[in-house]
2 protein chains.
Amino acid sequence: MLSQVESSEPHVHFRPHQFLMREDEEPAVIFQIDEGWACRYRQLSDGRRQITALYLPGDYCDPQWALGRKPSQPIVALTNVRASCLPCRPPTTSAGGTQSAFWLSLNDMIERQTNWLVTLGRKTALERVAHLLLELFERLRRSGLTYGQQCAMPLTQMEIADMTGLTPVHVNRTLQLMRTRGLVELQAKWLRIPDLGALRQAAAMRAQGVAA
Amino acid sequence: MLSQVESSEPHVHFRPHQFLMREDEEPAVIFQIDEGWACRYRQLSDGRRQITALYLPGDYCDPQWALGRKPSQPIVALTNVRASCLPCRPPTTSAGGTQSAFWLSLNDMIERQTNWLVTLGRKTALERVAHLLLELFERLRRSGLTYGQQCAMPLTQMEIADMTGLTPVHVNRTLQLMRTRGLVELQAKWLRIPDLGALRQAAAMRAQGVAA
DNA sequence: CGAGCGGTTGACTCTAGTCAACAACGGTGG
DNA sequence: CCACCGTTGTTGACTAGAGTCAACCGCTCG
């Protein structure tokens, strides 16, 4: 169930539910996801689970490992994952300064995390799910993984629940509501967003700069 | 209402409700809090507010500014604040590597933020408030600002609510409950924790390493 | 063919939110 | 010195959004 990383091998594969990293393990490398989705989470002793980060193609996993101590949360593959292995102390630290793609990606991750604090603390179920689907679409679009108004959406409703802090049942009802309002079309692990502006409004997100 | 920072002056003062940084402003310096409390927050268009970070004495404000673009959230003083001004591109970047106090503090901040994702996503009102009071006490203790089982607690119930994603009314009821259970004594902006272990359990936090 | 997972729906419960009134406190200005 | 006023804290009655429990469907994969 645990990944066997060979330092001489720059690529690794993982199956769904396979760990990329276990809690309190010393990371040997930082992964860069080439294909597939993964997530970081914490599980409480009574079973409640919260997903705290989602890793999509192109993402570093995890950039924070370059900063300090051991990871405090496990990371698990959600789909089949193909990843490259980078050294844990990226040369960018001393070389390219803080403006390198690597450090900017850490900045982005912190930014997303902060946005989720607002969503989990203050938003309704519909706003939460809208935030998630919107973020997925826009991140995938930046990586060229969208097709018109559509993109892949392999998450189960259970996983959406663990991401949005809701129960699977309520996620289901919320998705129904969004469908009837024409905010999203979601079926067969495929997402279509008819009106991005409407979804952004439903998510109560900050207005998005066009040039960004 | 806005701070006047002179680059030749290494110290600045702020009054309660005064901004250390406004949204989308270009930071000229990174503050290090010498005294007092501040917070970062986001406010939604309908008034809902979520505090996303708390800055206590010793904290950098904000370490993330060394990484990238403009801050997307305002920072405001909660009490009187005295702070030092550090350059935005800390020499530590190229010099001391990623193990410097500065980068470790960024790591800590991300860690705390991740813990709050779990709390806001999955925990009950009592667990949320317990998490907050516990974190405050332990951060202040690390800075030598606790006195036995006690520490300062200048936050209003309104601010606790904006931190924990609750309403002020419910924060009040929750504090009452915690008082009757003997978990905390809180009065006159002063917090006493009779049994740290009990509070940790009530907060449903990960068990804390003794040596940490 | 059967088991198990993911999705759907209904009925009911309960935690937290809302609205409203009032008390306690602190600072300000007459 | 004290009356006034805004802020903070407290309490009660009621509401609503999300959780719980349970049943059932459809599909995929051994």
Side-chain angles (χ1 to χ4, degrees), chain A residues 15-17 37 44 46-51 78-80 119-133 152-181 184-191 202 204, chain B residues 15-17 37 44 46-51 76-80 119-133 152-181 184-191 202 204:
Chain A
R15 300 230 149 252
H17 306 120
W37 296 23
L44 303 183
D46 61 359
R48 286 176 288 178
R49 189 175 90 132
Q50 178 67 41
I51 293 176
L78 294 165
T79 66
N80 283 318
T119 291
L120 294 176
R122 289 303 187 194
K123 294 193 190 168
T124 65
L126 194 142
E127 288 167 334
R128 293 177 192 211
V129 176
H131 177 172
L132 176 59
L133 298 181
M153 223 305 284
L155 299 182
T156 65
Q157 293 184 357
M158 178 83 177
E159 286 156 352
I160 297 177
D162 285 340
M163 188 82 216
T164 54
L166 302 168
T167 54
V169 172
H170 202 62
V171 165
N172 183 291
R173 291 192 230 270
T174 304
L175 283 173
Q176 303 290 5
L177 182 59
M178 294 178 75
R179 280 192 263 250
T180 64
R181 292 197 187 168
V184 298
E185 292 163 35
L186 182 55
Q187 55 189 315
K189 305 295 177 195
W190 207 248
L191 168 68
Chain B
R15 300 230 147 254
H17 305 119
W37 296 22
L44 303 183
D46 60 0
R48 285 176 290 178
R49 189 174 89 131
Q50 177 67 41
I51 293 176
V76 75
L78 295 164
T79 66
N80 283 319
T119 291
L120 293 176
R122 289 301 187 195
K123 294 193 191 170
T124 64
L126 193 141
E127 289 167 333
R128 292 178 193 211
V129 176
H131 177 173
L132 176 59
L133 297 180
M153 223 306 281
L155 299 181
T156 65
Q157 294 184 358
M158 177 84 177
E159 287 156 352
I160 296 176
D162 285 341
M163 188 83 214
T164 54
L166 302 167
T167 55
V169 172
H170 202 63
V171 165
N172 184 293
R173 292 192 230 270
T174 304
L175 283 174
Q176 303 290 6
L177 183 59
M178 294 178 76
R179 278 191 265 251
T180 65
R181 293 198 187 169
V184 297
E185 291 163 37
L186 183 55
Q187 56 189 313
K189 305 293 177 198
W190 207 251
L191 169 67

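- The base of dT20(D) is paired with the side chain of Arg173(A) by a donor and an acceptor separated by under 3.5 Å.
- Residue Gln157(B) places at least one side-chain N or O under 4.0 Å from the OP1 or OP2 atom of dT10(D).
- Formation of a donor-acceptor pair under 3.5 Å by the Thr79(B) side chain with backbone atoms of Trp37(B) is found in this model.
- For Leu78(A) and dC5(C), the CG to P distance is 17 Å, given to the nearest whole Å.
- For dA16(C), neither phosphate oxygen OP1 nor OP2 lies less than 4.0 angstrom from any side-chain nitrogen or oxygen of Arg122(A).
- One interatomic measurement links the two molecules: NZ of Lys189(B) to C1' of dG26(C), which rounds to 12 Å at whole-angstrom precision.
- The CH2 atom of Trp190(B) sits 17 Å away from the P atom of dG9(D) (whole-angstrom rounding).
- With distances taken from any side-chain atom of His170(A) to the nucleotides dT20(D), dT8(D), dA18(D), the minimum falls on dA18(D).
- The interatomic distance linking Leu126(A) (CG) with dG17(D) (P) rounds to 12 Å, in whole Å.
- Regarding Glu127(A), its CD atom lies at a distance of 14 Å from the C1' atom of dA18(D), rounded to whole Å.
- A sub-4.0 Å separation between OP1 or OP2 of dG7(C) and a side-chain N or O of Gln176(A) is absent.
- For the side chain to side chain contact (heavy atoms under 4.5 Å, CB included) with Val129(B), the qualifying choice from Val184(B), Leu177(B), Thr174(B) is Thr174(B), the only one to do so.
- Taking side-chain N and O atoms only, Arg48(B) has no distance below 4.0 Å to OP1 or OP2 of dG17(C).
- Atom CG of Asn172(A) and atom P of dA18(D) are 15 Å apart (whole Å).
- Rounded to whole Å, the distance from CG on Asp162(A) to P on dG19(D) is 11 Å.
- Residues Asn80(B) and Pro16(B) meet the side-chain proximity criterion, which asks for heavy atoms closer than 4.5 Å.
- The backbone N or O of Arg48(B) lies less than 3.5 Å from no partner atom in the side chain of Arg122(A), so there is not a single donor-acceptor pair.
- Rounded to whole Å, atom P of dT8(C) lies 10 Å from atom CD1 of Ile160(A).
- Within 4.0 Å of Leu175(B), counting heavy atoms only, lies no atom of the nucleic acid at all.
- Sequence order on DNA chain C of the closest nucleotides to Val169(B) and Met158(A) puts Met158(A) first from the 5' end.
- Gln50(B) places a side-chain heavy atom less than 4.5 Å from the side chain of Leu120(B).
- Ranked by how close their nearest DNA chain D nucleotide is to the 5' end, Thr156(B) and Thr124(A) are led by Thr156(B).
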